[in-house]
Every structure is written in C-alpha cells, then in structure tokens.
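Following: one structure in structure tokens, then a few remarks.
Below, read A as the first sequence line, B as the second, and so on, with proteins coming before strands; counting in each chain starts at 1.
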There are 2 protein chains.
Amino acid sequence: MKKNTLQYILLGLIEQKGMSGYDLKEVFKNEIGEFWQAEHSQIYPTLKKLEEKGWISSTITIVGTKLEKKVYSITPLGKEQVNDWLFNQPNELASFKDEFILKLYFIKENDQQAIQDILTEQQRLHRLKLEHLYARREVIFPEKKALNGDIGHYLILDHAINREQCTLTWIERTLASLPLE
Amino acid sequence: MKKNTLQYILLGLIEQKGMSGYDLKEVFKNEIGEFWQAEHSQIYPTLKKLEEKGWISSTITIVGTKLEKKVYSITPLGKEQVNDWLFNQPNELASFKDEFILKLYFIKENDQQAIQDILTEQQRLHRLKLEHLYARREVIFPEKKALNGDIGHYLILDHAINREQCTLTWIERTLASLPLE
DNA sequence: TCCAGCATGTAACGAGTTACATGATTCG
DNA sequence: CGAATCATGTAACTCGTTACATGCTGGA
C-alpha cells in the first residue's frame with residue numbers, strides 16, 4: 001500500500017552522488033523534470049525523514065565562510081531500499097491528467113473554430129517544448145548518442161522528445177481532419 | 001491562482017446531460033479516464049460545493065421504490081463558468097509523472113539485463129492497454145470514425161491510442177538498441 | 001554595492017487516495 | 001436468496017503547491 005515514490009527517487013539520486021537538497025532540486029530542473037517534479041518544500045522534509053529512517057546520512061560542508069550545505073550520502077540500508085524499489089516493486093502505468101483533450105471533448109462539434117483554435121494553441125506549446133528539448137540535446141549530446149555515464153539522462157531526453165513528436169503528429173493529423181463530422 | 005479543474009470537468013459533463021454523482025463516476029471509468037480520473041469520494045463533495053455556489057442544481061429521483069438518486073443539472077451561472085474555463089483560461093501542458101523511465105535512469109549501464117527486463121515488462125503493459133483500447137474502439141466506433149454526437153469521445157480514444165502506439169514504438173526502438181554504450 | 005542565485009527550512013492549504021459506513025436494486 | 005452493482009456520503013490520511021521566512025555568496 002505504501003508508495004511514496006519521491007523518497008526512492010531522492011535515494012536513487014543520492015546513491016549516484018552525494019548531494020544536498022538544493023542539488024537535488026537542480027537535478028529535477030535539469031535532468032528528470034520531464035517525468036517527475038518536486039518543489040524544495042517537499043524535498044527537504046522528505047530528506048529529513050529518510051535520515052531519521054537511517055537510509056541516508058548527512059555531513060555539513062561550509063560554502064564560503066559561513067553558508068552551511070548539508071550533503072547527504074546513502075547508507076547500506078538505503079541501498080537495499082533502492083534496489084528493492086528498482087527490482088521488486090511493480091511500476092504501474094503512469095496516470096495522466098490532461099485538461100487540453102478534455103476541453104476538446106466538451107467543445108465538440110458545435111464550434112469548429114474553437115476546436116481549431118485550441119488545437120493550434122496546443123500545437124504552439126508543444127512545438128516550443130520540442131525545440132527546447134532539441135536544443136538541450138544538442139548541447140548535452142552533440143553526437144546524438146549517449147556518452148560514458150549519461151545513458152540514463154540520454155534515455156530520458158530521448159523519451160521526452162519522442163513524446164512531444166508523437167503528440168505534435170497527432171495534433172497535426174487532427175487539424176488536417178477538420179472540419180469534423 | 002485558483003485551479004480546481006475537477007469542478008469544471010464535472011460541470012462540463014453535467015452540461016451535456018443531467019447526471020448523478022454515480023453517473024459521473026461511470027463517465028470517468030468509460031470515457032475520459034485515459035486523461036482524468038476521480039474517485040467518488042472526491043466527486044460527491046465537489047458536487048456539493050458546486051450546488052452551494054449555484055453552478056448546478058439537483059432534483060431527487062426515486063429508483064425502484066426507495067433508492068434516492070440525486071440528479072444534477074447546470075444553471076445559467078454554471079454555463080458561464082464552463083465557457084470561461086473552455087475559452088478564457090489557458091491550459092498549461094500536462095505535467096507527467098512516470099516512475100518507469102526513472103527506474104531506467106537509475107539502473108543505467110551497469111545492468112543490461114535489468115534494463116531489458118524492465119523495458120520488456122513495460123512493453124507488455126502497454127501492449128495490453130493498447131489492445132484494450134482497440135477493442136473498445138471496435139465496439140464503440142466500428143466504422144473507425146466519429147458518429148453523430150460522439151466526436152469528443154472519439155478524439156479521446158484516438159489520442160489515447162496514439163499515445164500508446166508511440167510509447168510502444170519508443171520501447172521497441174530502445175530495446176533494439178541494446179546493449180547500450 | 002546590488003542582485004541573481006545559493007542554501008535551508010516551515011506553514012497553510014488544496015488535491016487526491018484509501019478506508020469506513022450504509023442501504024437499495026436487479027438479475028440469475 | 002445471494003452477489004454484483006447501484007447509490008451516497010464521511011473520515012483520515014498522503015501528496016503536492018504556494019506562500020512565508022531567513023540568511024549567505026559570487027560576480028558585475
């Protein structure tokens with residue numbers, strides 16, 4: 001019954017490399033944000049609980065002369081827990097919530113112009129996102145293939161790009177089929 | 001700042017046709033569940049609040065001899081609110097959470113067998129889902145095109161099918177590229 | 001010196017899930 | 001007559017977001 005996926009993600013990230021709460025937030029922003037997000041207000045309390053359970057431990061590092069940075073590292077118990085999550089716990093399919101398609105559902109045939117407008121706007125948003133993803137891939141993986149230890153990062157980007165391309169293709173196909181009915 | 005998307009979805013559904021909380025739950029299960037879900041424990045209190053705001057009104061219908069069924073219908077104020085949501089409020093891109101790709105990210109290059117296992121399992125799940133969607137389309141839209149007033153339903157099914165096909169294609173492509181690195 | 005960014009936390013609230021609780025109806 | 005389904009609600013909890021709150025660092 002217990003889920004709490006975020007704690008396992010934090011644990012997995014810390015296992016790769018000792019990190020602070022702030023560092024973790026950056027990873028969400030730069031690497032895995034396409035498939036999971038968390039605010040720092042959720043990250044810090046979760047780290048606290050993980051330390052209480054003995055899955056991670058922390059040491060204070062001083063930045064500059066005063067600023068305290070709490071760097072976490074994984075414990076043997078923590079490693080067991082990540083492995084259990086990775087290999088023993090089934091991952092159910094992601095449950096999506098997308099209000100865009102619901103708006104289409106509600107507008108229906110009585111307003112073709114509105115359908116077209118909403119599809120076009122969604123197309124614009126997905127194009128922007130896709131361009132942004134292409135640009136990032138260009139910077140990080142100029143060879144268009146994974147490097148040394150960054151296969152995970154490459155797969156996530158590739159998966160996100162694939163998702164956007166497919167969504168755009170569907171929107172274009174649907175636009176082309178207008179007027180419906 | 002205020003969002004509460006669920007209330008607009010309930011409102012939109014009730015606008016199409018007077019419905020009870022139970023009926024609404026069935027629509028989530030049968031029509032729009034691929035892109036939004038809600039339990040009855042969330043639906044009933046939301047309906048109550050909508051009635052308090054005067055966006056919907058209810059009448060009691062008797063089923064059999066005793067069972068009370070509360071059928072809601074939309075008010076003029078409610079219609080205004082749906083329209084405002086549909087046409088004036090921007091719909092941001094859906095934010096996805098998918099632990100499957102994160103597991104791939106964490107496993108990385110050190111265990112090719114595990115990567116293959118997890119991809120194959122995910123492939124199995126998406127194939128099942130896709131077959132299920134095909135079967136439903138066959139039953140509801142045997143002509144493979146939208147009918148009379150069911151364009152919204154058709155678009156949702158079509159979008160869900162497209163999503164599953166694309167995900168499967170990506171999984172197959174990634175499996176074919178193994179071993180990585 | 002000022003400002004963006006580094007760094008960490010808590011509080012309040014809203015959204016969503018699971019469990020608890022009850023009773024009627026319909027069909028085999 | 002029994003089981004699945006129809007029908008409605010509340011309680012307790014977890015998850016997630018926004019806002020509040022504070023202070024340091026590094027570079028222009």
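The side chain of Trp36(B) lies closest to dG16(C), out of dT26(C), dG16(C), dT8(D). Listed nucleotides dG16(D), dT8(D), dT10(C) differ in distance to His40(A); the shortest reach to its side chain belongs to dT10(C). Checking dT8(D), dC15(D), dG16(C) against the side-chain heavy atoms of Ser20(B) singles out dT8(D) as nearest.
Along DNA chain D, the nucleotide nearest to Gly21(B) and the one nearest to Glu39(A) differ in position, and the one closer to the 5' end is contacted by Gly21(B). Each of Leu67(A) and Tyr72(B) lies near DNA chain D, and the nucleotide nearest Tyr72(B) is the one positioned closer to the 5' end.
Distances shorter than 4.0 Å separate none of the side-chain N or O atoms of Lys69(A) from OP1 or OP2 on dC24(D). OP1 or OP2 of dT17(D) has not a single side-chain nitrogen or oxygen of Lys3(B) nearer than 4.0 Å. Side-chain nitrogen and oxygen atoms of Lys97(B) include at least one within less than 4.0 Å of the OP1 or OP2 phosphate oxygen of dG16(D). OP1 or OP2 of dT8(C) has not a single side-chain nitrogen or oxygen of Lys48(A) nearer than 4.0 Å. The phosphate of dT8(C) has neither OP1 nor OP2 within less than 4.0 Å of any side-chain N or O from Tyr22(A). Phosphate proximity of dA11(D) to Ser41(B): absent, as no side-chain N or O sits under 4.0 Å from OP1 or OP2. Taking side-chain N and O atoms only, Lys70(A) has a distance below 4.0 Å to OP1 or OP2 of dG9(C). Between Tyr44(B) and dT8(D) there is a side-chain polar atom (N or O) within less than 4.0 angstrom of OP1 or OP2.
Under 4.0 Å is where a charged nitrogen must lie from a carboxylate oxygen, and between Glu34(A) and Lys129(A) at least one such pair does. The pair Arg124(A)-Glu121(A) meets the salt-bridge criterion, since a charged nitrogen lies less than 4.0 angstrom from a carboxylate oxygen.
For the pair Glu26(B) CD and dA7(D) P, the interatomic distance rounds to 9 Å; values are reported in whole Å. The distance from atom CD1 of Ile43(A) to atom C1' of dC6(C) is 14 Å, rounded to the nearest whole Å. Regarding Gln37(A), its CD atom lies at a distance of 16 Å from the C1' atom of dT18(D), rounded to whole Å. What separates CG of Leu10(B) from C1' of dA15(C) is a distance of 13 Å, to the nearest Å. Note: CG (Asn4(B)) to P (dT18(D)) measures 14 Å, nearest angstrom. One atom, CD of Gln7(B), and another, P of dG14(C), lie 12 Å apart when rounded to the nearest Å.
Taking all atoms of both residues into account, the shortest heavy-atom contact from Leu125(A) to Asn91(B) is CD1-O, 3.8 Å.
When hydrophobic side chains of Ile, Leu, Val, Met, Phe, Trp and Tyr are connected at separations under 4.5 Å, Ile60(B) ends up clustered with Ile62(B).
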- Mind running ring pair (Phe, Tyr, Trp, His ring centres under 6.0 Å) on Tyr154(B) and Phe141(B) for me, showing each step along the way? CA-CA 8 Å; Tyr154(B) 183 81; Phe141(B) 303 104; 5.1 Å; yes

